[in-house]
Novice: 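One structure, pasted below without further comment.
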Amino acid sequence: MNSTLPRVRVIASPQSWVEGEALRQLEAAARLPGMRSAVGLPDLHPGKGAPVGAAFTSQGVFYPFLVGNDIGCGMGLWALDLPARKAKPERWAARLDLEGPWEGDAEAMLADAGVRPCGFEASLGTVGGGNHFAEVQRVEAVHDASTFQTLKLETDRLLLLVHSGSRGLGEHILRAHVDRHGAGSLAEESAEARTYLARHDQAVGWARANRAAIAERVMRGVSAAGRRVLDVCHNSVTPKEWEGGRGWLHRKGAAPSDQGPVVIPGSRGALSYLVLPLGDGEDHAHSLAHGAGRKWTRTHARERLRERFTPDALLRTTFKSHVVCEDRDLLFEEAPPAYKAIDRVVGDLVDAGLVRVVATLAPLLTYKTRSRRE
DNA sequence: ATGTTC
């Protein structure tokens with residue numbers, strides 16, 4: 001049996017503010033039966049039950065609730081054929097519309113990702129709420145020219161970063177699971193585990209296809225063609241082998257460090273970092289920060305920022321980029337001051353020897369939603 | 001996070 005205590009590690013410098021509640025959640029998760037390690041990344045913050053910005057390994061069992069409802073959520077990066085000098089962010093902000101069903105062939109896109117029809121086809125190509133977005137970016141600076149070149153990127157071409165997940169599908173899968181089995185563990189060889197994992201894998205494929213459909217929509221809207229540079233999932237549970245054993249790797253808002261370069265976005269008013277993972281080590285559960293991490297709760301952000309900013313002021317950023325967000329509450333909840341400083345988060349990963357910065361990317365247009373909500 | 005609320 002697993003008689004050793006699970007290892008808990010938090011990768012964050014003292015300058016990276018981590019809330020006490022997030023640490024308590026991390027330690028509570030580490031004490032679950034079968035847990036082997038718990039790693040908090042520098043974007044660690046409290047979540048609903050389990051912390052966000054964390055990765056966990058377990059043996060013999062795994063925990064669907066640690067993955068959460070947005071199974072398959074992640075980041076995709078596309079290189080556009082559009083030169084930076086042809087950027088028209090103001091015009092795009094006025095016209096781009098990603099609401100309603102995608103005009104493309106949803107079933108074909110899903111089939112390409114190995115996903116069977118599941119009743120959520122009408123949501124494919126939609127960004128969703130919360131921290132999801134599609135953002136057109138320009139290359140701000142290149143720090144590792146060799147890797148930049150290996151990825152066939154060019155400094156004067158625009159990029160598109162898409163952060164979205166499995167929309168209603170992942171929610172449906174988690175809910176169906178919790179309704180029947182509660183928030184407990186699943187034994188890895190059980191029928192219940194197999195059922196959950198099959199559905200989980202469908203949601204991971206669905207989310208990947210969703211990011212591709214969103215990218216198609218944006219590219220059509222800005223009259224560009226593009227190529228997918230990378231696509232990584234930061235909410236998942238997968239089998240993992242390590243020296244002397246095997247088990248399960250849960251990622252909850254944690255980017256993979258074992259699948260090549262990833263983008264770690266800041267807030268919409270900050271740089272995003274294209275980074276190359278250096279260690280693929282067990283000591284950080286093969287994972288990296290997935291973003292800047294929330295500093296203020298949504299409620300706190302709304303209350304505090306409504307006093308300081310008019311909605312119109314939040315439609316532009318310090319980068320002079322444009323924001324499409326017609327949902328008033330969401331506009332405040334996702335405002336840049338609600339997030340930690342991305343340079344410190346990435347700096348912590350660099351200092352821990354986990355990544356090298358390849359390039360920084362600056363926002364031109366961040367699309368959240370055109371749907372109005374009171 | 002969520003056809004966006006039990």
Side-chain angles (χ1 to χ4, degrees), chain A residues 21-22 25 29 43-54 63-76 97-102 106-107 110 117-134 162-180 182-183 196 199-200 202-204 206-211 213-214 232-237 250-255 265 267-268 290-294 296-302 324-334 338-339 367-374:
Chain A
E21 176 60 16
Q25 288 183 345
D43 58 336
L44 184 69
H45 61 279
K48 189 170 175 268
V52 184
Y63 290 85
F65 90 93
L66 287 180
V67 178
N69 61 343
D70 197 1
I71 303 162
C73 187
M75 302 279 174
D97 191 341
L98 311 179
E99 308 306 312
W102 177 44
E107 288 196 19
L110 289 167
C118 55
F120 289 85
E121 288 72 28
S123 299
L124 197 81
T126 59
V127 171
N131 56 3
H132 291 172
F133 62 81
V162 177
H163 177 202
S164 190
S166 55
R167 309 289 281 111
L169 175 60
E171 163 73 12
H172 175 77
I173 292 168
L174 181 66
R175 180 181 297 244
H177 171 77
V178 171
D179 283 352
R180 287 191 63 175
Y196 171 81
R199 292 175 178 170
H200 164 284
Q202 288 283 293
V204 169
W206 199 101
R208 181 178 162 89
N210 190 35
R211 291 186 288 274
I214 292 164
V232 293
C233 166
H234 54 226
N235 288 349
S236 64
V237 57
H250 309 68
R251 292 191 176 105
K252 175 58 172 172
S267 72
R268 67 191 182 214
H290 81 312
R294 183 165 278 286
W296 295 343
T297 65
R298 294 181 176 279
T299 305
H300 185 70
R302 282 198 305 273
V324 176
C325 184
E326 297 188 4
D327 178 327
R328 190 66 57 89
D329 284 339
L330 189 61
L331 184 65
F332 286 104
E333 291 167 3
E334 293 291 319
Y339 281 86
Y367 186 101
K368 298 286 289 178
T369 179
R370 284 229 184 268
S371 304
R372 291 180 184 280
R373 186 186 72 179
E374 210 35 56

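All values reported here derive from a predicted model rather than from experimental measurement. By convention in this document, chain letters (A, B, ...) are assigned in the order of the sequence lines, proteins followed by strands, and residues within each chain are numbered from 1.
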Novice: Quick one: list whatever passes ring-ring contact (aromatic ring centres under 6.0 Å, His included) with A/F133, sequence neighbours left out.
Specialist: A/H163

Novice: Stem ranges for DNA chain B, with three or more consecutive Watson-Crick or G-U pairs under 3.5 Å?
Specialist: none

Novice: For A/W102, give me all partners under ring-ring contact (aromatic ring centres under 6.0 Å, His included), at least two apart in sequence or on another chain.
Specialist: none

Novice: Rounded to the nearest angstrom, tell me the gap between atom CZ in A/R175 and atom P in B/dT5.
Specialist: 10 Å

Novice: Mind checking A/G68 for me? I need base, sugar-phosphate or nothing, with any heavy atom below 4.0 Å counting as a touch.
Specialist: nothing

Novice: Whole angstroms only, please: what is the CG-P distance between A/D179 and B/dT2?
Specialist: 19 Å

Novice: Using atom CD of A/E99 as one end and atom C1' of B/dT4 as the other, report the distance to the nearest whole Å.
Specialist: 12 Å

Novice: If you look at every strand shown and take non-hydrogen atoms under 4.0 Å, does A/G253 touch a base, only sugar-phosphate, or nothing?
Specialist: nothing

Novice: With the threshold set at 4.0 Å, does a side-chain nitrogen-carboxylate oxygen contact exist between A/E334 and A/R298?
Specialist: yes

Novice: Please work out if A/H132 contacts a base, only the sugar-phosphate, or nothing of the nucleic acid, heavy-atom cut-off 4.0 Å.
Specialist: sugar-phosphate

Novice: Under 30°, 30 to 60°, or over 60°: which ring-plane class applies to A/H300 and A/W296, parallel, tilted or perpendicular?
Specialist: perpendicular

Novice: Mind calculating the distance between NE2 (A/H177) and P (B/dT2) to the nearest angstrom?
Specialist: 20 Å

Novice: Under the rule for salt bridge (Lys or Arg N to Asp or Glu O under 4.0 Å), what residues qualify as partners of A/K252, not counting sequence neighbours?
Specialist: none

Novice: A/R167: what forms a salt bridge (Lys or Arg N to Asp or Glu O under 4.0 Å) with it, not counting sequence neighbours?
Specialist: none

Novice: Could you give the CZ-to-P distance, from A/R167 to B/dG3, as a whole number of Å?
Specialist: 5 Å

Novice: Please state how far atom CG in A/L174 lies from atom P in B/dT2, giving the value in whole angstrom units.
Specialist: 13 Å

Novice: Between A/D329 (CG) and B/dT5 (C1'), how many Å, whole number?
Specialist: 15 Å

Novice: Specify the separation, in whole Å, of atom CH2 of A/W206 and atom P of B/dT2.
Specialist: 9 Å

Novice: Counting the atoms with a prime plus P, OP1 and OP2 as sugar-phosphate, which does A/G47 contact under 4.0 Å by heavy atoms, base, sugar-phosphate, or nothing?
Specialist: nothing

Novice: Among all residues two or more places apart in sequence or in another chain, which pass the salt bridge (Lys or Arg N to Asp or Glu O under 4.0 Å) test with A/E99?
Specialist: none

